[in-house]
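FYI, side chains are in, hydrogens and waters are out, and symmetry mates aren't considered; it's all heavy atoms of this structure. Chain naming here is simple, since letters A, B, ... match the order of the sequence lines and numbering starts at 1 in each.
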Amino acid sequence: MSAFINVSADKFFIVIMQTQHLSEQELLRREKLAELIMMGIEPYPAPLYPVNSNSAYIKEKFSEEKKTDFADVCLAGRIMSVRDMGKANFAVIQDAHGRIQLYIRRDDICPGEDKSLYDIVWKKLLDIGDIIGIKGYVFITKTGETSVHVKELTLLAKSLRPLPIVKEAEGQTFDAVTDPEFKYRQRYADLIINPSVKEVFLKRTKLINSIREFLNTREALEVDTPVLQAIPGGAAAKPFITHHNALDVPFYLRIANELYLKRLIVGGFDWVYEFSRNFRNEGMDRTHNPEFTILEFYVAYKDYLWMMETTEQLLEKAAMDVCGSTDVPVNDKTISFKAPYKRISIYDAIKEYTGFDVSKMNEEHLRSACKQMHVEVDKTMGKGKLIDAIFGAKCEQHFIQPTFIIDYPVEMSPLTKKHRSERGLVERFELIVNGKEIANAYSELNDPIDQRERFEEQAKLMERGDDEAMYIDYDFLRALEYGMPPTSGIGFGIDRICMLLTNQPSIQDVLLFPQMRPEKIQE
RNA sequence: GACUCCGUAGCUCAGCUGGUAGAGCUACUGACUCUUAAUCAGUAGGUCCAGGGUUCGAGUCCCUGCGGGGUCACCA
């Protein structure tokens, strides 16, 4: 062996000596690593491995008649289990497409006198979790399982950390790792050991692709707008604040991209969209992560009635593309995304579930009505927020099937165009599914003078102590003064739609890396 | 942020009214050339989340902290 190898081996002894906090099994794997190196086997080889197949393809396509097509397969994956029969054994490897059984016979991988590749390398030095490449031919075992008869075996990456072992038989799972902290912090391990987790994230990508396709076939233009904003606009929310050193100014992480997309409508695009990662400095729970994804799009010369129909079409397609049906199981219920969806005004919804007619109430009356309904309020809340509070507390949870809540009071919608016929209302809808808001849309306010007044109202709320009231964005007003066509816009909560279509109870289950308190890792 | 439950071996979990820590899987040693939760025999593996307190004695009781789940509040 070369000096290089010896130096490496010394290095590994140092590693072993210095890591006394390691478990017995971790130490053992480091010793195996050092042994492999001393045998001249590179545990982390550089050259590409010439994979020509995968587990799913083999299991789907192989048959006895076609076996000549499978006489020379090369695939790679992680060792998930080994059943040792002495001079032969069965192992299962997992690649990106699934799992497949290997049949490894000593005299096949060691045709000569030297049996060390099998007896020492394979049986002693390789472990569950290691990534290997194999070459061989496909066959079906006596018990009917499509397998690869291995002729050649290559170590591609040694695993130093024991993987939790989850076993399965007849659809039953044993010792599944269900600890949420483990799953969310070590998603990489969760993905390896729980195949159903991978399914969820494949569906998430399908959902986003489906929506993108829906929009692109309608000639919508995907754009990027700033995440770092000097004025966090477009929503009522508490922002994260950060600082730009060179400019020495504060910046906010965006809470919404709405005002930027509308600037682009002013600029002459007819239909723009963006999957916007938004950041809100608020509480976290099973439906809220500090950063989350909203798809917003804005379409010139349309109104919120058109938008309701478009929403129905988009969700119908998304459900079909992701679930293969417009009927989607959620918990013990079935939710139908088949158009059309029920429409009800927010005032009617409140009347239906509380008996109160709040449509003609002033702020004082609303306040006492809230008291009677046991809805918690505080002094900073204006009329709009009071109505929103009643709806949120008493109505929202009752709407399980997709329902458009329409025609909101003007006070709670500072960016929305006034209703064409109803005084005091705006042309807005929220789509509620399974008791949660998943979309919010309106006929956009394009009257720059009205918009300036609405911003000024928000400024007054801010003075009252409402820390979610909107800042006045003078550049946005300047844009509107050039003239924005009548426009309808919408924002979809992508994470929540994903929760529905994958039947997951928590937003953390549809985010690959949900936000967690920083972990203190001892080294 | 409030309330509440939880934290024991690499993993899943036992551990009663306080008495020196237990199983299965994994790992290790050995047997077995078509097994599949492979099987069989043997062995090892622990800062009981951390720090205090009560006690002759704490995994167990009390307090504080850390981390996580759930419910509520805020919100999408």
Q | Base paired to B:A9 (Watson-Crick or G-U; both N/O distances under 3.5 angstrom) | A | none
(Q) Mind checking if A:Asn278 touches a base, just sugar-phosphate, or nothing, with heavy atoms under 4.0 Å? (A) nothing
Q.
With a 4.0 Å limit, can you tell me whether A:Lys167 has a side-chain N or O closer than that to the phosphate oxygens OP1/OP2 of B:A38?
A. yes
Q. Is any side-chain nitrogen or oxygen of A:Arg83 closer than 4.0 Å to OP1 or OP2 of B:A38?
A. yes
Q.
What contact category does A:Asp388 fall into here, base, sugar-phosphate, or nothing, at under 4.0 angstrom with non-hydrogen atoms?
A. nothing
Q. Taking only side-chain nitrogens and oxygens of A:Gln508, does any of them come within less than 4.0 Å of OP1 or OP2 of B:G68?
A. no
Q) Contact class for A:Glu437 vs. all strands (heavy atom < 4.0 Å): base, sugar-phosphate, or nothing? A) sugar-phosphate
Q | Selection: residues 490-498 of chain A, any non-hydrogen atom under 4.0 Å of RNA chain B | A | A:Arg496
Q: Between B:U12 and B:C66, how far apart are the C1' atoms? Round to whole Å, please.
A: 24 Å
Q | G-U wobble or Watson-Crick pairing nucleotide for B:C72 (cut-off 3.5 Å, both distances) | A | B:G1
Q | Contact under 4.0 Å: A:Lys32 side-chain N or O vs B:A27 OP1/OP2 | A | no
Q: For B:G68, take OP1 and OP2 only and decide whether either is under 4.0 Å from a side-chain N or O of A:Arg517.
A: yes
Q. Considering only heavy atoms and no angle criterion, is a donor-acceptor pair shorter than 3.5 Å present between the side chain of A:Asp179 and the base of B:C11?
A. no
**Q.** A:Lys87, nearest nucleotide to its side chain (from B:A27, B:U35, B:C32)
**A.** B:C32
Q) A:Asp175 side chain: which of B:C34, B:G69, B:G24 is closest? A) B:G24
Q. A:Arg185 side chain N/O closer than 4.0 Å to the phosphate oxygens (OP1, OP2) of B:G68?
A. yes
Q) Nearest to the side chain of A:Asp107 - B:A27, B:U33, B:G68? A) B:U33
**Q.** Pair A:Arg428-A:Asn440, side-chain donor/acceptor within less than 3.5 Å
**A.** yes
Q.
Run the side-chain hydrogen bond (donor to acceptor under 3.5 Å, both in side chains) test against A:Glu222 and tell me which residues pass, sequence neighbours left out.
A. A:Arg212, A:Tyr273
Q: With RNA chain B as reference, determine whether A:Glu291 or A:Glu145 sits nearer its 5' end, using the nearest nucleotide of each.
A: A:Glu145
